[in-house]
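Proteins get letters first, then strands, A, B, ... in listed order; numbering begins at 1 in each.
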Amino acid sequence: MILDLLNNKINAMKKVRQLEAIKENHAQQVKTDQKYHDLVGRIAVASETYGYAHNHLGFLLSDMTTQKIQAVIVELRSASESGYVAKDVVDKADNDFEAIQKSIKGEWGKYFRTLTSSTTNTLNVIKGIDPTKIGQCLSDIDTAKDWPYDMAVFITLCNALDDANALISDLNMDSNIECFLEKMVKGNASIADLDNKVMAWIQSEGLAGKIKLSFSYR
Amino acid sequence: MDSSIARERIASVVKPDSITASQGDFLATHVSLKKLHLLNKFLLSPDGGRDYTEDYVYEHFVLNRDNRHQFIAVYGQSGTGKSHLIRWFEAKFQYDKQENEVVLFIRRSDNTLKGTIRQLLNTPEVQQIANREIFERLVKATVHEDENKLKGHIYHDLINEIEHDDDSHDIRLANVKRKRLVAFLNNDIVQKHLMDLNGPIERIYSKVAENSSVDRDTIAQFVPEDFLVSADWYEEILNTGADRKAENMARELMADDTGMQTAQKAAEYLNQFVNDVIQLCAGIEPGDFRDIFQDIRRELYRIGKNLTLFIEDVTSFTGVDDALLDALIVEHTGMNAGEHLCRISSVVGTTSNYLKNHFRDNHKDRITQYIYIPDDVFDENGLYEFVGRYINAMSLQEETINSWLDNSHASAEEYPIHRVKEGACWEFVPIQYGKELCLYPFTKNSIRYFYKYSLTNGHQTPRYIIRDIIEPVVNDVLADAGSFPSIKYTLMNVNTTLSYRIQSEVGEEKADRLLRFLTIWGDGTPQQYTTADGITYISAVRAEILDELGFPRISMVEAAVPVQPEQQDLSTATTQVESSSEQEAQFDISTKAYHHVDQANEELTKWRNGHPLDLSTTVGVGGILRKAQEDIWDYLYSAINWGTEEISLDNISKIKKSSMRLVLFENQMKTRSNGFIMMPASWDSMNVISAFIRWREYGKQSWNYPDAEFDAYLVTSWTARIKDELVKAVSENSISEANYIEAAIAAEIYRMILNGEFREKSLKNLGLEYLFNSKSPKTAKTNHTKEWNSLISVMSQKDAAAKNRETVRQYFNLPQGGTSSSILVLDAPNLSRAFRRVKGNRLAMPEGAETIQDPVKPRQEVFSYLREILDRVGQVAKAELSNASTVIQQIYDYFDTDEVDKDLIVELANRVKAFYDAINDNHFSATYYQTDLVRKNAEAISKAINDIGNILEEDDALTIIMAFSGDPLSALQPLQEMFKQLDIDLQKIDRQLIARKSQFSGDAECNSQGAQYESDVQSLDDALDLFGRKAVS
Amino acid sequence: MFKEKMVTPAIPERVYTLCKMIESKPISLSELKGKMEPDYLNQNSSYFNDYRTVAEELGLINVYDNMAELAVAPSVIKSMSEMRKYINGRLEEYQNGPFYQVTKAYFSLNREVLHSKMKNISEMAPLINPLINGSVDAVALRAWRFWVSYLGFGYLQDMFFIPNASVFLCDVINTAEFEKDRRYSFGEFISRILPYSGIVMDSSLTNRQMGYGVSNGLRTLHDAGIIKLEHILDQEDIWNLDPLNAHSISTTVTNITICK
């Protein structure tokens, strides 16, 4: 079929021309290649981080962002097929990736809050119990707030969350205690909330000195 | 006449040369001459002056009572009766002469030198002469010599004389010219011509040798005409390889401007040697004759006698005449008295011309008396008497005449008249002493007629009257009175009415004879009258005569008895036919016209009697008849209303252009034409043909001449009779049912298809307007096969296509009279019918046309033209189809499909454009190809591809050529060209690709194409994998 | 032509063709013209009205509302000779028309036409005009020739016309319905054909003299055996043909028999 034949020839010509052009401007190519490598590296990091967040933290990107990132990846992949990555392709992918990263950040921000808020709250309630330890835990969690490009941060987050949970569970709190603690953090707890179990738990954990009373003006 | 005697006697009586008849017959037939002229000085043809009778001349001169020296010349035109008169003088003189008078009579005999010498030798006077030497020579001169040998002698002696011309003659030739003349004469062809029977050598020979058969009044000399070289003659001379000198001479003699002059000079020059040559051949010397006569005169003087010499014709002495005359002019008295010569009185006959040219001036001066005999020596009665005397003489026994001669010395009073056995009721002519001569088998009318018409000018002399009138007519009646007159004379001034009446009343076999008899023997009018004494005359011939000759009685128009016409002089006499109506004078018909009509009628009469007619010449009688035939054609073309006879005028114009004639004459020689109808060799046809001749000759192409009413009737009633037959024959359907116009239309449609003027795929849409479209066919370049193009060029050979087109256009034209090039009104019903039939037959050859052999070539050509097309159109279709299928297959191959629509073509165009753009953009080298043409014509191209695709399986030639009429391959041309260029450019690009790629071979980067990205790709693949994860598993 | 002016385009063939076109059904004038003088001929002038007028004059067609229909039986236009017979049977209706007038004048000139020194009929107007009502010119005479020859009054020789009315007389004899092979007195014969043949005969006929063109016609028919002319001696009804001494019927005739 003549149409196909023509297409092939058109492409072949283009390719030859490209090769030639590349050959004509090697330095430019090196730069482009570097940028390509960098970009691929960043994408690889992003993907690994995402993979970690996904696997360990249950983070899932929206479909749209997923498609965008996939498109960029496919383009970059095919860009290398000719043997020479075209600068414009890399530049474009780079831009696209920047935008995608913003989207990822946004999506992560939202997810992060839902992921960490109850733990952080609890920790803040019980901060007094062991301010050093809990303070450390809270600060570890907070580092991952802004989509870190570092697996370590995620690992730290993951550990901090694990530690926090361990801390909380070591307090042996049942649900009444938890409810009391929550009210306390909110400033709603009253004497009336101090039942025996709570008093017993406060006593057993040596927390009585750490709880102050005040009047409510409501 | 008494035929029983005449039968025996005619041969001896009817002798044109007086000398050969017996004395008795001679005198019995002698009619006295009454119109002699006497002159003292030579005049070639004297006018006016007194007429003298022969008796007067005899008494006053010939008898010579005063005993003077005389030299009398009797002259006149040939045949006027000079020798007759001299002989009559001599006969009379013999009775009246003095005792001491010796009469020497040199007769004309056979009028040759040898004969004359022999006569001289026989006279006692010559036998007694003393000079034996001369005598011996004369004897030797008469020795017989072989004809051809003698002629050869004459010829070569002549050349010899020229070669040795010592310039002693008056006319001289420069040496060069003389040599040329000799060379010319030595040429075989020239010699053959000059020695021809009508040539000069024969004439000279005839004057030398005995028993020659040439006209006695011939003069032995050259005439300029002998040397006029015709083109044929010249050709002949060249072909036989003539001497260059002879050739030059011949060329000079042939030239228009110099020929006659040179010929004249040659004749005059040669004539100077004729006498010498004759003498040489005869072996005598110039002086011999003078000496003989001197001797005779001396001898006579010695015995006291005088000499009277009668020489019938001085040309008998050709060659020695000069010497003879020298002897005769010598007087016996005066300074010659001492010579002792006797007195001489000579009467010498000579023709006017001979006297004029051959008598030296000093001889003419010494002639003592000239006697001139005019041509028309007889008056009308003299003529009748002349004929009557011959009839009488031959009807008398020789003894009767001899006894008249002996007993009464031929006195007129005693002149015997025969007893009339035949012809008692015929006409008689009165002579002296109350005697009457019966003219049977002549009438006065017939004698006048013959005299006027049978004798050409200058031949109206006694000799020819005898030879051409009396002898043949008498022999004719003697042979068989029952079929008399049987000789088919040329009939002059035949009266049409008489002729037609005879035809309608008398059977064919006698009609000719009767017409001849009434025209010549009668007065040629269609009238009859009865005199008071009850004698009926038909055309002025007594009815009894007609009975006697076995003619049926026929009725003529009654007329009044004519008043006896007065005696007329023959010179002014006209026949009654000619003067029959005063009317005729006003019509101004020339004698030439009469002559033409007469000649033609004679020829037509012969034709009617079984002779062929030769109309191949344009001159003479053939020319007259040919013109008549053409006039008949022209007349019939206009007289028959072809259009209203439902014959297309195109058919008529085709016939006019063909070799077919509307009519031809039966038994017409040398014609390559054929006639639709044949005019049989009959009276009927002859009447019509001669009516047309009179129309042209008398009426100068009108019917304005006497009796034209009848001719116009003959012609129109003949037209009415033949019209249906002619129309039928002319109609094309007389040959076959097949009509040439259908073939013409079919061929024209083929032409339009082949020329792309009609481009529909079906004949259904072919309208009449196509046939009349006057636009000339385009000659644009097409993409047809050579078979197609060669058929077109075959069709236009010899204008065949144009002619056929004109046939189609003209056939149904209804023009106003004759043919017209513009077409105004159509015979629409017949046009549509023919057109429908042709279309219905799908342009096939009309049925029955295959075997047609139309003698009208332009009609046959129409069929041949279509045949030629039909014979080739199959091949053309095949070639066209196979060519197209190759092309279309290629196109299919390019597209890998046989469904090529407009969109595909546009897409292709775009792609090709992209291809060339890419070539540009990527720095490849190939000329940019504009695809606009293909894009713009995508619709037409796809249609053409489709059209061709649709007929690939077709096998009907007409359908195929109609499909190709629009030249679809031309529509494909842009596409094909694009493909062609594309093929070239693709190859070019391939080569360039290979070349340009090769610079990357061995290049690591290139070899490990993409190696530096391997990890990247891996990373990307991993990333893709990671990002591709959906819900938490 | 027969009523109105004689014009050259109105030739018999065109009149006949026009009739043939409407033989089976009436056709509008414009369609007729479009077929006989189609536009594709690219002619500037039209002659249609000229011959259409003649067809109407002769009663061959009728025109209503621009539709032409055949006004005679189809057998009349079976052929051109049938149409001729039809026309010859009713020429007397057009006594005042130019064709009739000119023909009658031409025939009354007798043999003079042969001797007039004019070889072209179109020059003969001076000869004809004194003899007719109105006048004709060269063009009219040229137009006349087509019909006079078609109708069988004689034969054209180029542009000269030789009178011989044999075909016309034959038509008229047929129309007059004579009994075959019966000997009629010539007077009766004349009185029977006169209603149709006044165009070539003087209706008074007091001199009992036939003119040249009629005599030619009668002699032609006699010679062709279609009629037999006789002079029977004891008959008193003696008529004269134009004298032609050469012909067996040179002048007088008393009886006639129609043979075919």
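Within the 4.5 angstrom heavy-atom criterion, no atom of A:A79 approaches chain B. Only the side chain of A:I69 has a heavy atom closer than 4.5 Å to any heavy atom of chain B. Of the atoms belonging to B:L908, heavy atoms from both backbone and side chain fall under 4.5 Å from chain A. With a 4.5 Å cut-off on non-hydrogen atoms, B:L982 touches chain A through its side chain but not through its backbone. For A:L76, the parts lying near chain B are the backbone and the side chain together; criterion is any non-hydrogen pair under 4.5 Å. Of the atoms belonging to A:V85, heavy atoms from both backbone and side chain fall under 4.5 Å from chain B. Residue A:Q67: no heavy atom, backbone or side chain, is found under 4.5 Å from chain B. Contact annotation for A:L39: neither backbone nor side-chain heavy atoms come within less than 4.5 Å of a heavy atom of chain B. B:E907 touches chain A through backbone and side chain together, each having a heavy atom under 4.5 Å away.
Taking CD from A:E20 and NZ from B:K997, the interatomic distance works out to 11.0 Å, rounded to the nearest 0.5 Å. From A:R77, atom CZ reaches atom CG of B:D1016 across 11.0 Å, with rounding to the nearest 0.5 Å. The CZ atom of B:F924 lies 11.5 Å from the CD1 atom of A:I10; values are rounded to the nearest 0.5 Å.
When all heavy atoms of B:I989 and A:M13 are compared, the closest pair comes out as CG2-SD, 3.8 Å. Closest of all the heavy-atom pairs between A:G51 and B:L1026 is CA-CD2, 4.1 Å. Heavy-atom minimum distance, A:L3 versus B:R911: O-NH1, 3.0 Å. Nearest heavy-atom pair, B:F1027 versus A:S47, reported as atom, atom and distance to 0.1 Å: CE1-CB, 3.6 Å. A pairwise comparison of heavy atoms in A:V40 and B:S1019 identifies CG1-CB, 3.5 Å as the closest pair. Considering every non-hydrogen atom in both B:L986 and A:I2, the closest pair reads CD1-CD1, 4.3 Å.
In this structure B:F915 satisfies the ring-ring contact (aromatic ring centres under 6.0 Å, His included) test with no other residue, sequence neighbours excluded. Residues passing the ring-ring contact (aromatic ring centres under 6.0 Å, His included) test with B:Y929, sequence neighbours excluded: none.
Using a 4.0 Å cut-off between a side-chain N of Lys or Arg and a carboxylate O of Asp or Glu, B:D990 and A:K9 qualify as a salt bridge.
Residues A:V16 and B:L993 are in side-chain contact: their nearest non-hydrogen atoms beyond the backbone lie under 4.5 Å apart.
Of the listed residues (A:V74, A:D4, A:I43), the greatest number of heavy-atom pairs within a distance under 4.5 Å of chain B belongs to A:I43. When the candidates B:D1021, B:D893, B:D1022 are compared by the number of heavy-atom contacts under 4.5 Å with chain A, B:D1021 comes out ahead.
Residues of residues 955-968 of chain B lying within less than 4.5 angstrom of chain A, judged on heavy atoms, are absent. Scanning residues 930-954 of chain B against chain A with a 4.5 Å heavy-atom cutoff picks out nothing at all.
Around NZ of A:K35, the count of heavy atoms belonging to other residues, nucleotides or ligands within 6.0 Å exceeds 12. Few gaps surround CE on A:M151; more than 12 heavy atoms of other groups in view lie less than 6.0 Å from it.
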